[in-house]
Q: 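Quick one: structure below, then a few questions.
Keep in mind that the numbers below use all heavy atoms, side chains included, and drop hydrogens, waters and symmetry copies.
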Amino acid sequence: MLARPTARAAPLLARLARAPGAALLHSLRPNQSSAAVAAAAAEGGPVGAGSGAAAAAQRAFAPLDTFLRRQNGPRDADVAAMLRAVGYASLDEMVAATVPASIRLAAPLHIAEGENAERELLAKLRGIAQKNKVYRSFIGTGYTDTVVPPVVLRNVLENPAWYTPYSPYQPEIAQGRLESLLNFQTIVSDLTGLPAANASLLDEGTAAGEALVVCLNSSRGKTRNVFFADENCHPQTLAVLRTRAEGFGAEIVVGDYRSFDFASLGDRLAGALVSYPDTYGNIGEHKALADAVHAQGGQLVVVADLMSLAVLQAPGEFGADIAIGNSQRFGVPLGYGGPHAAFFATTAANQRRVPGRIIGVSRDAEGRRAYRLALQAREQHIRREKASSNICTAQALLANMAAMYAVYHGPEGIRAIADRIHRFAQVLAASVSAAGHTVENASYFDTLRIRVGAGLSAADIHARAEARQINFRRIDAHTVGVTLDEAVTRAELAALVEVFGGDVAAIDAIAASVAPSVAGSPAVPASLVRQSAFLTHPVFNSYHSETEM
């Protein structure tokens, strides 16, 4: 429990221990017998006078800054006061009266031989963690390394004022977080070209499932229960989509959007999902797809990469009804794979169906500008009988990190990051092609699908990469995937070229010859280069230094 038994409770504990079938729930205080006491017991010596000296030595050398003392809030006096209020003499008496004996511990829980000071325990944990092999990952599939601005790291991620409050239910004490979440919504709305965006969801797969539900619920006829998903969406997104569809009796049809006959579904089509770019890096032109889906009365859902949208046409501009994705690459660490805050943007027609919550601007009692939860759609505790999602699937902290990342860099900074990523991708594509491999992408932003040259297998490339502590995506026996990111350096690029047997000495010359930005790159269709402005609000154009932040 939260405190150790006191001496006053000893007689009661003894009676409980002797009771048939009784088992005490012991405290979290670990065994702290000293080495001297243990040695005396092992030698069969008296654990009396000699052990008294050992116990005194143990007390003399015991650490002060222990985990229990610092992390378990209630002190003995607090526990005693609470026990008096509920009418029990000890924690063990209370537990014996409330927890069935069959599930109680029969002996004290052994945690450690001794209690460590916090700094000692942290040192031990670091030693254990150092046994992990941390490789540089270029796997992609929605997960990319990023550079967390130190000012955001210190003042948001590591700041309990930001990471402790979960949801801003009380606007009178949450104006700062609400304003930041409004910034997040603005980022998503601007980059996707859609007017309504929520304040985040759990992850990209969840957002795809929510998009499915919106499409189903917006259909007037019950016959619309078929949802198409392009085969080149991320595998984890397709997996979550299939699982979510089961609960709604929906049918998921997976295929190639370029050749699929949407007219064959008739009035059964509720919507279609496509990735932009897709899981292998290809950038599709989806205007014709949007028209085909709309012609059957369905809605087009686009899974978009938020960073690429700084340089690619916004989904709303080519007819997307819903745009989803995750915001991880906006300054959120990889975190062992997430989940990372997702975004969900849609048309005004779908605004009342948006899952989660929407932050809005209002006025307080004195007429001042104020922020509040303007729309909490389908929350479990508000519309319980119709709920299909939960507000707790939001990610306030990570959404706020992404918002602050955009505030810190601004539109020009984010566009520069996107162009830099693409330059590195161009250099890698040219280098591996010169080395005899085939880049299978017809177009790309940051991800390359590479078919290895004659005489080699994908296993050979992976072995070379692993020798350099690098991870690539495993596609098949002859193909590997490589996704570049904001954090990539010239030295890392040279290592990648070396893995593919390319000419490292030539990368500077190649870098000088490639297009400096997406706008002039042959790897991106000219019709898909972004022309519209984004992040024009003053908040994204005013705070680009640590002191300003």
Q: Do the rings of F330 and Y405 sit parallel, tilted or perpendicular, given the 30° and 60° boundaries?
A: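 Answer is tilted, since the angle falls between 30° and 60°.
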
Q: Where the side chain of S219 meets the backbone of A270, is there a donor-acceptor pair that is under 3.5 Å apart?
A: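 No.
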
Q: Run the numbers on V226 and F228 for side-chain contact (heavy atoms from CB on, under 4.5 Å), then give the verdict.
A: CA-CA 7 Å; V226 176; F228 175 86; 5.9 Å; no

Q: Is the shortest heavy-atom distance from the side chain of E546 to the side chain of R154 under 4.5 Å?
A: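 A side-chain contact exists here, since the closest heavy-atom pair is under 4.5 Å.
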
Q: Tell me whether R449 contacts the main-chain N or O of G281 through its side chain, where contact means a donor paired with an acceptor under 3.5 Å.
A: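 Side chain of R449 to backbone of G281: no pair is present.
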
Q: So that I can tick it off, tell me whether R464 and D460 are bridged by a salt bridge, with the cut-off set at under 4.0 angstrom between side-chain N and carboxylate O.
A: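 Result for this pair is no, no salt bridge flagged.
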
Q: Under the ring-ring contact (aromatic ring centres under 6.0 Å, His included) rule, what pairs show up with a residue in residues 457-492, not counting sequence neighbours?
A: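 Non-adjacent pairs meeting ring-ring contact (aromatic ring centres under 6.0 Å, His included): F472-F500.
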
Q: What is the minimum heavy-atom distance between S218 and Q299, and which atoms define it?
A: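 Closest approach of S218 to Q299, heavy atoms only: OG-NE2, 2.7 Å.
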
Q: Determine yes or no for a side-chain-to-main-chain donor-acceptor pair under 3.5 angstrom, with S433 supplying the side chain and A430 the backbone.
A: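 Pair absent, no side-chain N/O of S433 close to backbone of A430.
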
Q: Would you call R329-E204 a salt bridge at under 4.0 Å N-O?
A: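 No, R329 and E204 are not salt-bridged.
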
Q: Would you check if the side chain of S189 reaches a backbone N or O of L194 as a donor-acceptor pair within less than 3.5 Å?
A: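 Side chain of S189 to backbone of L194: a pair is present.
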
Q: Counting N and O atoms only, with roles assigned by atom type, does the side chain of N155 sit under 3.5 Å from a partner on the main chain of V151, one being a donor and the other an acceptor?
A: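 Judged by distance alone, yes, a pair lies under 3.5 Å.
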
Q: T279: what forms a side chain to side chain donor-acceptor pair (under 3.5 Å) with it, not counting sequence neighbours?
A: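 T279 satisfies side chain to side chain donor-acceptor pair (under 3.5 Å) with H234, R473 only.
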
Q: So do M549 and M404 actually touch side chain to side chain, heavy atoms under 4.5 Å?
A: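 The answer is yes, as the side chains (C-beta and beyond) meet within the 4.5 Å cut-off.
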
Q: Measure the shortest side-chain to side-chain distance between E210 and I324 over non-hydrogen atoms and say whether it is less than 4.5 angstrom.
A: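 With C-beta onward as the side chain, the pair stays apart.
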
Q: Quick check: does any side chain N or O of D446 sit under 3.5 Å from a backbone N or O of I421, one acting as donor and the other as acceptor?
A: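 Not at all, since once roles are kept as given, no pair shorter than 3.5 Å links the two residues.
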
Q: Can you give me the closest heavy-atom contact between I461 and V452, atom names plus distance?
A: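 Shortest heavy-atom contact: CG1-CG1, 3.4 Å.
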
Q: T479 vs E440, test: side-chain hydrogen bond (donor to acceptor under 3.5 Å, both in side chains). Steps then yes/no.
A: CA-CA 9 Å; T479 315; E440 295 186 334; 4.7 Å; no

Q: Can you check whether V303 reaches D278 side chain to side chain, under 4.5 Å on heavy atoms?
A: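 No - every pair of side-chain heavy atoms lies 4.5 Å or more apart.
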
Q: When you measure from the side chain of S443 to the backbone N and O of P525, does any donor-acceptor pair fall under 3.5 Å?
A: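 Checked: no pair found.
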
Q: Side-chain contact test, heavy atoms from C-beta onward, threshold under 4.5 Å: evaluate it for S137 versus Y143 and give yes or no.
A: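 No, their side chains stay 4.5 Å or more apart.
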
Q: Please name the pair of heavy atoms, one in S521 and one in H422, separated by the smallest distance, quoted to 0.1 Å.
A: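 Taking S521 first and H422 second, the nearest heavy atoms are OG-NE2, 2.7 Å.
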
Q: Would you check if the side chain of Q185 reaches a backbone N or O of I359 as a donor-acceptor pair within less than 3.5 Å?
A: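 Checking the backbone N and O of I359 against the side chain of Q185, a donor-acceptor pair under 3.5 Å is found.
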
Q: Quick one: does Y257's side chain have a donor or acceptor within less than 3.5 Å of a partner on H286's backbone?
A: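 Answer holds: no.
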
Q: Apply salt bridge (Lys or Arg N to Asp or Glu O under 4.0 Å) to the pair D485 and R136, showing each step before the final yes or no.
A: CA-CA 11 Å; D485 54 46; R136 182 67 163 94; 2.9 Å; yes

Q: Measuring only between side-chain heavy atoms, which start at C-beta, is V253 closer than 4.5 Å to F260?
A: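 Of all side-chain heavy-atom pairs linking F260 with V253, at least one is under 4.5 Å.
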
Q: Enumerate the side-chain hydrogen bond (donor to acceptor under 3.5 Å, both in side chains) contacts for residues 331-340, please, sequence neighbours excluded, ordered by first and then second residue.
A: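 Qualifying pairs, neighbours excluded: none.
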
Q: Take N183 and S180, measure what side-chain hydrogen bond (donor to acceptor under 3.5 Å, both in side chains) needs, and give me the verdict at the end.
A: CA-CA 5 Å; N183 291 341; S180 183; 5.0 Å; no

Q: State, yes or no, whether a side-chain contact exists between N282 and N232 at a heavy-atom distance under 4.5 Å.
A: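 Side chain of N282 against side chain of N232, heavy atoms only: no contact under 4.5 Å found.
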
Q: Do F540 and H409 have ring centroids that are under 6.0 Å from one another?
A: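 No: the rings miss the under 6.0 Å criterion.
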
Q: Given side chains that start at C-beta, do those of V488 and F138 come closer than 4.5 Å, heavy atoms only?
A: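 Side chain of V488 against side chain of F138, heavy atoms only: contact under 4.5 Å found.
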
Q: Identify the heavy atoms of T146 and V332 that sit nearest to each other, and give their distance.
A: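 So the two residues come closest at CG2-O, 3.2 Å.
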
Q: What pair of heavy atoms forms the shortest contact from A314 to R530, and how long is it?
A: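 Looking at all heavy atoms of both residues, the closest pair is CB-NH1, 3.8 Å.
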
Q: Under 3.5 Å, is there a donor-acceptor pair between the side chain of R268 and the main chain of R224?
A: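 Not confirmed, R268 side chain does not pair with R224 backbone.
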
Q: Work out which heavy atom in T346 is nearest to a heavy atom in D321; give both atom names and the distance.
A: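 Nearest pair, atom of T346 first, then D321: OG1-O, 2.8 Å.
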
